[in-house]
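Proteins come first, then strands; the chains are lettered A, B, ... in the order of their sequence lines, and each starts at number 1.
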There are 2 protein chains.
Amino acid sequence: MTSASDLASLAALLADETRAAMCLALLDGRAWTAGELAAHARVAPSTATGHLHRLIGGGLLVERRQGRHRYVQLAGASVAQLLEDLAARIEHRPASPRGLRAVTANSAMRRGRTCYDHLAGRLGVAVTDAMTHTGLLDQTSGFALTTAGLAWLTDTAGLRPEDLRPGKRPLARGCLDWTERRQHLAGLAGAKLCETFLGNDWVVRIGSGRAVRLTLNGKAALRDLLGLSDVN
Amino acid sequence: MTSASDLASLAALLADETRAAMCLALLDGRAWTAGELAAHARVAPSTATGHLHRLIGGGLLVERRQGRHRYVQLAGASVAQLLEDLAARIEHRPASPRGLRAVTANSAMRRGRTCYDHLAGRLGVAVTDAMTHTGLLDQTSGFALTTAGLAWLTDTAGLRPEDLRPGKRPLARGCLDWTERRQHLAGLAGAKLCETFLGNDWVVRIGSGRAVRLTLNGKAALRDLLGLSDVN
DNA sequence: GCAATCGTTCGGCGGCCGCCGAACGGAAAC
DNA sequence: GTTTCCGTTCGGCGGCCGCCGAACGATTGC
């Protein structure tokens, strides 16, 4: 039985603006050093240390010590999913009074980004839609790959079959996009597909953030593989 | 762009033990009066008022005033899902040192309960498993109803087709059960199926909580409809 | 060995917030 | 009308917690 105090202490981990900023930064899926997170959240290193202790102790983050650096990252895809769910709730809210500037300033982010370990933004949604229209993905009564979709991933997109064995993590999962308000492909297949895109330089990261850019090679690949012509 | 302060203030709503207890109580999907929630959480009525203001203002709860009573309930299925996701994270934690008493005291809850508006516990998992084994549900590469499953819901289980039009809410969704650590059927289909179970007296609520009991009629129905013989 | 850098621990300060009781308003029961 | 009950507002108290700076360890680089 879940006790209220357990729920409260879990929520308390994210109920502080500094810790929330750290977790959102870590949503890019990469490992950050303690100092980087401190600077990003604009607090003193000593303050960051305390926060990281709590987040690690609470199971949201894991650490990897390396020399005099302490790298931390999200404890797994389930944590990332939880954060995305929370973020989606926020963006859902009717008529949030935010200026235009914040929107335009993040146009690259809206165009395409990684959501922990899979593609999101307009790019992620476009790929998901194309897969749905070509019968690779079934969204009519849930969110699942078809047998054609499974074959496409390995034979056409070039994923390794052994990477797609469903274990604890579901193969396909819908992840609600908070800019597009649409679902996009997450889960194991989404992660491996994103890995392939990055490995083939179909998309490249912009700077150090989560935003990604579709390359010319990528445009061609999307056209060939999915019949997608006008992305972004 | 989701700002850290938005995430923090959303999480802060659940970061208090009293508010968390209220939300968990409301997970039964029904409307509670302010006084009932105050008593349940063991705080003064004035304290409860403040908490309810925050929860309603934050969009997690909605209120319905009726006479001198103020009824509140969860703002929707998405809130319930969020709470269940958080609860699942807690129960996931390795080796939580909890006594046997808490487990046995909640054996009815583990056997079967409602999870906001669908069935959970061993009963919910058993139904979901049976639907999977009989080809009504596809869990191999996601979580989706098959065409046979859709037909079964309306023709055999007796759901009204007009109740299963997918709108904003997905038809089928997996909801992780925090006692069984298994997925069970949620989403629109899960809700309507649960409604049918309750309406036909296949399951009845135990007392005023979330726990439910399978009736003799229910046992027979599960055997007839799904070939399920030994539930619970 | 010395300096620079990264992270940690510790003490103390300040503010937020959850709690209650008392008083009040409104609706229902009689 | 009177009483009772439910919920609210307000003021004040107490504790938790997030913040920093200073001092210290640890590691790397020179």
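Protein atom CD of A/Glu17 is 17 Å distant from nucleotide atom P of C/dG15, rounded to whole Å. Atom CG of A/Leu13 is separated from atom C1' of D/dC17 by 13 Å (rounded to the nearest Å). We find that CE of A/Met22 is positioned 8 Å from P of D/dC19, with the value rounded to whole Å. Rounding to whole angstrom units, CD of residue A/Glu36 and C1' of C/dG7 are separated by 13 Å. Between the CG atom of A/Asp16 and the C1' atom of C/dC16 there is a distance of 12 Å, rounded to whole Å. If you take CH2 of B/Trp32 and P of D/dC6, they are 16 Å apart, rounded to a whole angstrom. Rounded to an integer number of Å, the gap from NE2 of B/His53 to P of C/dC17 is 16 Å. The distance from atom CG of B/Leu52 to atom C1' of D/dT9 is 15 Å, rounded to the nearest whole Å.
Taking the six-membered ring where tryptophan is involved, the planes of B/Trp32 and B/His40 are perpendicular, since the angle between them exceeds 60° and thus also 30°.
Contact check, A/Thr47 against D/dC20: a side-chain N or O comes under 4.0 Å of OP1 or OP2. In this model, the phosphate group of C/dC19 is approached by a side-chain N or O of B/Thr18 to a distance below 4.0 Å at OP1 or OP2. At least one side-chain nitrogen or oxygen of B/Arg65 sits closer than 4.0 Å to the OP1 or OP2 atom of D/dT8. Between C/dT8 and A/Arg70, a contact under 4.0 Å exists linking OP1 or OP2 to a side-chain N or O. Taking side-chain N and O atoms only, B/His51 has a distance below 4.0 Å to OP1 or OP2 of C/dC19. Taking side-chain N and O atoms only, A/Arg19 has a distance below 4.0 Å to OP1 or OP2 of D/dG18. The side chain of A/Arg54 contributes an N or O atom lying less than 4.0 Å from OP1 or OP2 of D/dG18.
A salt bridge links A/Arg182 and A/Asp129; the closest N-O separation between the charged side-chain nitrogens and carboxylate oxygens is under 4.0 Å. Checked for salt-bridge contact, A/Arg210 and A/Glu84 meet the test: a charged N lies under 4.0 Å from a carboxylate O.
Checked by distance alone, A/Ser46 brings no side-chain donor or acceptor within 3.5 Å of a matching partner on the base of C/dG7.
Tested against A/Thr33 for a side-chain contact (heavy atoms from CB on, under 4.5 Å), the candidates A/Arg70, A/Arg68, A/His69 yield a single pass: A/His69.
Listed candidates were D/dC20, C/dG18, D/dT8. Nearest to the side chain of A/Ala44 is D/dC20. In the set D/dG7, C/dT5, D/dC5, the nucleotide with an atom closest to the side chain of A/Arg68 is C/dT5.
For the atom pair CD of B/Gln183 and CZ of B/Arg173, the computed distance is 9.0 Å after rounding to the nearest 0.5 Å.
Of the two residues near DNA chain D, A/Val43 and A/Gln66, the one whose nearest nucleotide lies more 5' is A/Val43.
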